[in-house]
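Taking it in order: structure first as structure tokens, then the write-up.
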Amino acid sequence: METRIKTTEVELTDYLRNLIDKKIIGVINKFFKKSDPETESVLVDIELGRTTKHHLEGRIWKCEVNITLPGAGLPMRIEAITEKMDNSVNKAKKELERNLRKFKAKKIFRVRKAARFLKNRLLKRF
């Protein structure tokens, strides 16, 4: 798995790096096993930053996560804009968990559907 972190209008501190590792990367590692060869082709782009240069209050902190998954077609994109950086990372984490669960369920459903089709086809022959 390759991870790229980009910051806009904010400095990437150790606190932010640890927060990303704990929240975002931890969720991705939970859904993909490290020994699985398909995990190596997962590309994660994370962008943290401010949405505007001149505002000091309001929804100005953004956390954007783009994940390119094998066999998914288009990349998965999550964006969270809140009033605090921690909250935007937490909101992106929740959305990422939900989308990864949905992706995993679709993948399992496709495998089971193919197996069910083959089973029914074989039973009709005999």
Side-chain angles (χ1 to χ4, degrees):
M1 176 171 59
E2 184 181 342
T3 305
R4 294 185 287 196
I5 302 172
K6 178 185 173 191
T7 58
T8 306
E9 300 294 324
V10 67
E11 184 180 332
L12 183 63
T13 61
D14 289 336
Y15 173 73
L16 286 177
R17 185 175 294 280
N18 290 336
L19 186 67
I20 290 170
D21 286 341
K22 182 179 170 185
K23 302 284 183 168
I24 306 292
I25 306 300
V27 168
I28 295 170
N29 286 336
K30 185 172 108 175
F31 280 92
F32 296 102
K33 294 183 173 80
K34 290 183 180 180
S35 61
D36 195 6
E38 115 181 345
T39 304
E40 294 176 10
S41 61
V42 174
L43 176 64
V44 181
D45 288 323
I46 303 168
E47 182 178 350
L48 300 172
R50 295 178 64 167
T51 56
T52 62
K53 295 180 182 180
H54 61 280
H55 289 98
L56 298 176
E57 294 181 6
R59 295 180 174 216
I60 59 171
W61 295 104
K62 174 177 79 168
C63 178
E64 183 179 317
V65 181
N66 294 315
I67 302 175
T68 306
L69 297 169
L74 297 174
M76 187 182 299
R77 182 175 186 279
I78 290 103
E79 183 177 18
I81 300 173
T82 60
E83 294 177 357
K84 292 183 179 179
M85 179 60 78
D86 296 350
N87 293 345
S88 63
V89 171
N90 287 334
K91 189 175 177 182
K93 174 196 167 210
K94 290 177 185 176
E95 187 72 21
L96 180 64
E97 280 182 328
R98 191 173 66 88
N99 287 346
L100 285 175
R101 269 195 213 108
K102 192 185 300 184
F103 172 74
K104 193 171 182 180
K106 284 181 183 180
K107 189 175 176 183
I108 291 170
F109 175 74
R110 276 189 245 131
V111 170
R112 288 182 181 166
K113 184 178 178 181
R116 189 171 37 245
F117 173 76
L118 290 174
K119 178 183 171 186
N120 290 336
R121 192 168 184 182
L122 289 173
L123 289 176
K124 286 182 182 179
R125 284 188 175 177
F126 297 109

Working for side-chain contact (heavy atoms from CB on, under 4.5 Å), residues Ile78 and Lys91: CA-CA 9 Å; Ile78 290 103; Lys91 189 175 177 182; over 6 Å; no

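- Heavy-atom contacts from other residues, nucleotides or ligands closer than 6.0 Å to CG of Asp14 number 12 or fewer.
- For Lys23, the side-chain hydrogen bond (donor to acceptor under 3.5 Å, both in side chains) partners are Asn90, not counting sequence neighbours.
- Rounding to the nearest 0.5 angstrom, the gap separating the NZ atom in Lys93 from the CD1 atom in Ile20 is 14.0 Å.
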Test log, rule side-chain contact (heavy atoms from CB on, under 4.5 Å), inputs Arg17 and Leu12: CA-CA 7 Å; Arg17 185 175 294 280; Leu12 183 63; 3.0 Å; yes

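- Under a 4.5 Å side-chain heavy-atom cut-off, the cluster of Ile, Leu, Val, Met, Phe, Trp and Tyr residues that includes Phe117 is completed by Leu118.
- Interatomic distance, NZ of Lys62 versus OG1 of Thr8, reported as 6.0 Å (0.5 Å rounding).
- Remark: Ile108 engages Lys104, Arg112 in a side chain to side chain contact (heavy atoms under 4.5 Å, CB included) (not counting sequence neighbours).
- Closest of all the heavy-atom pairs between Leu16 and Glu11 is CD1-O, 3.6 Å.
- Salt-bridge check for Glu97 with Lys94: failed, with every basic side-chain N at 4.0 Å or more from each acidic carboxylate O.
- Under the 4.5 Å side-chain heavy-atom criterion for grouping Ile, Leu, Val, Met, Phe, Trp and Tyr, Ile81 is not connected to Val89 through any hydrophobic cluster.
- More than 12 heavy atoms of other residues, nucleotides or ligands sit less than 6.0 Å from atom CZ of Arg77.
- Nearest approach of Cys63 to Leu48, heavy atoms of both residues: SG-CD2, 3.7 Å.
- Note that CD1 of Ile46 is 9.0 Å distant from CG of Leu96, once rounded to the nearest 0.5 Å.
- The side-chain heavy atoms of Trp61 and Glu83, taken from C-beta on, include no pair separated by under 4.5 Å.
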